[in-house]
Novice: 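The structure that follows is given in the form of structure tokens.
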There are 4 protein chains.
Amino acid sequence: MDFKKSQTIYEQIADIVRENILTDKWQAGDKIASVRELAAEIEVNPNTVMRSYSSLQEQGILFNKRGIGFFVSDKAQKIIHKMDKDIFIKEELPSIFRKMKLLHVDFEELKNLYNKSKSKYL
Amino acid sequence: MDFKKSQTIYEQIADIVRENILTDKWQAGDKIASVRELAAEIEVNPNTVMRSYSSLQEQGILFNKRGIGFFVSDKAQKIIHKMDKDIFIKEELPSIFRKMKLLHVDFEELKNLYNKSKSKYL
Amino acid sequence: MDFKKSQTIYEQIADIVRENILTDKWQAGDKIASVRELAAEIEVNPNTVMRSYSSLQEQGILFNKRGIGFFVSDKAQKIIHKMDKDIFIKEELPSIFRKMKLLHVDFEELKNLYNKSKSKYL
Amino acid sequence: MDFKKSQTIYEQIADIVRENILTDKWQAGDKIASVRELAAEIEVNPNTVMRSYSSLQEQGILFNKRGIGFFVSDKAQKIIHKMDKDIFIKEELPSIFRKMKLLHVDFEELKNLYNKSKSKYL
DNA sequence: GTGGTCTAGACCACC
DNA sequence: GTGGTCTAGACCACA
């Protein structure tokens, strides 16, 4: 597994977990991989995985049962969706629109790029 | 001057320089603030400014004359525009489109948000 | 450790690293001395070593794992060999040939000097 | 006029003067360009030219007559030839031979490159 | 005055 | 422990 340098590894792991929950790969109540299992699989220090799980737990996305493991919480999907959409609309989109203006990219071009990217996944 | 802590100071300085060039505030051939001047103005260590200028020089955006100062290179604007557009189209937009899909944001909603943001600046 | 003053220290450190890789002392995947270790060993400021390692990383010769250290990249030797041979053939040799002409040194004399230098290492 | 960054401007100017003398463009007793003339021509600070001329004077290559200008000394060519050949044989060639070994360039290849470079100037 | 290098020492996040 | 950034202050060569 290879990670981007611009973001910390534990955040990138948390992102993957969040995405798996958002896309229904992992559902409410599911037991997810143990810290050691995941660490071994993606070749990362167990401390690093632990840190990801802990932060997800603080956000109410995971919960753990002592000696058993980490589980997806009931409200996980709702929480993630709200967090992500908030960031998307308040931070990411404005930054994109600002850059479009700076680079003289008009909405037509955006539309074309959108359609092109969509057709990739058909 | 205050900086975000999510990004290094020297990158933020480089970003400002790039933006000033892209928006024609500084034009090809212009002498820009000396390392010490800028450092004093934005209350930062001269070494930090130096690092920004050096990286911009490596990218071909600035050049310097010994003992005189740093200048905006002829191709600066073209280089910056190309770099920025490349990143925008190959990295930022795909990430945005991917997130739209994940969050079930359709193109109509994007269009509305775009028009809303546009009207802010009218 | 003593350095020539005609060249910056950080370039000389980078040169040593490159040479150690080129001569197989350090091989692809090897972990090299940490910034602080090397700095202590050659009695130089850690920042200076950091600067060397960073530039080697930009060139694709080294890479690092967060919190672990710097490593020799797989293509390191190939990159260095290409860089060196390019400079040798496009810059150093022409300059030598030009000087030979200027100083009226013919190819026979060069051959003699070459053989003499070679016998030194036998 | 454009200068390499790796060497100081005044040294590069001195190099040009030396070369002009070595190739008989400027001969013993000739008056060379005044400091201001040359400075204007190559767009450089007069101080910088002065520094070049001074160093050449120290080496016995130039001499000056007060209020008249700088002149090529009688022994100029001999001095330059000796200096250059010394450096060439004791420093530059050994460094080249060392690099040949490192880059696995054998003498045959050197010969080919030499002949190729020679034919360029025919 | 300018850029450029270097040191000493600090602080941080991460593994 | 590791890399990475930043500061304060010094010194140098060059214009």
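All heavy atoms count here, side chains included; hydrogens, waters and symmetry mates do not.
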Novice: Rounded to whole angstrom units, what separation is found between the CG atom of B/Leu38 and the P atom of E/dG3?
Specialist: 10 Å
Novice: Go nucleotide by nucleotide along DNA chain F from the 5' end; which of C/Ile68 and B/Glu11 gets its closest nucleotide reached first?
Specialist: C/Ile68
Novice: In whole Å, I'd like the distance from the CD atom of B/Gln7 to the P atom of E/dA13.
Specialist: 17 Å
Novice: Could you please name the partner base of E/dT7, counting Watson-Crick and G-U wobble pairs only when both distances are under 3.5 Å?
Specialist: F/dA8
Novice: In whole angstroms, how far is the P atom of E/dT2 from the CZ atom of B/Phe71?
Specialist: 11 Å
Novice: Using atom CZ of B/Arg36 as one end and atom P of F/dC11 as the other, report the distance to the nearest whole Å.
Specialist: 13 Å
Novice: Determine the interplanar angle of the B/Phe70 and B/Tyr53 rings, folded into 0 to 90°, and report it as parallel if under 30°, tilted if 30 to 60°, perpendicular if over 60°.
Specialist: perpendicular
Novice: Which part of the nucleic acid, if any, lies within reach of B/Val44 when heavy atoms closer than 4.0 Å are counted: base, sugar-phosphate only, or nothing?
Specialist: sugar-phosphate
Novice: B/Thr48 or C/Ser34: which one's nearest nucleotide on DNA chain F is closer to the 5' end?
Specialist: C/Ser34
Novice: Using a cut-off of strictly less than 4.0 Å, decide whether D/Arg51 has a side-chain nitrogen or oxygen near OP1 or OP2 of F/dC14.
Specialist: yes
Novice: State which of F/dT2, F/dT5, F/dT7 makes the closest approach to the side chain of C/Glu37.
Specialist: F/dT2
Novice: Report yes if a donor N or O on one partner sits less than 3.5 Å from an acceptor N or O on the other, where the partners are the side chain of B/Asn47 and the base of F/dG9; otherwise report no.
Specialist: yes
Novice: Just the rounded figure in Å: distance from C1' of F/dC14 to NZ of B/Lys65.
Specialist: 15 Å
Novice: Please determine whether a side-chain nitrogen of the Lys or Arg among B/Arg98 and A/Glu19 lies less than 4.0 Å from a carboxylate oxygen of the Asp or Glu.
Specialist: yes
Novice: Answer with yes or no whether the side chains of B/Thr8 and B/Glu11 bring together a donor and an acceptor at under 3.5 Å.
Specialist: yes
Novice: Does the side chain of B/Tyr10 get closer than 4.0 angstrom to OP1 or OP2 of F/dT5 through an N or O atom?
Specialist: yes
Novice: Return the minimal non-hydrogen interatomic distance between D/Ser73 and D/Gly60, and the atom names on each side.
Specialist: OG-O, 2.7 Å
Novice: Kindly compute the distance separating CD1 (D/Ile9) from CZ (B/Arg66), expressed to the nearest 0.5 Å.
Specialist: 5.5 Å
Novice: Phosphate oxygens OP1/OP2 of E/dC14: is one of them under 4.0 Å from a side-chain N or O of A/Thr8?
Specialist: yes
Novice: To the nearest Å, give me how far apart CD1 (B/Ile13) and P (F/dC6) are.
Specialist: 8 Å
Novice: Does F/dC14 pair with anything, Watson-Crick or G-U wobble, both distances under 3.5 Å, and if so, with which nucleotide?
Specialist: E/dG1
Novice: Whole Å only: how far is the CD1 atom of D/Ile42 from the P atom of F/dA15?
Specialist: 11 Å
Novice: If you find the nucleotide of DNA chain E closest to B/Gln57 and the one closest to C/Arg66, which residue's nucleotide is nearer the 5' end?
Specialist: B/Gln57
Novice: Rounding to a whole Å, what distance do you find between B/Ile9:CD1 and E/dC12:P?
Specialist: 14 Å
Novice: Assuming nearest nucleotide by heavy-atom distance, tell me which of C/Asn45 and B/Tyr53 is located more 5' along DNA chain E.
Specialist: B/Tyr53
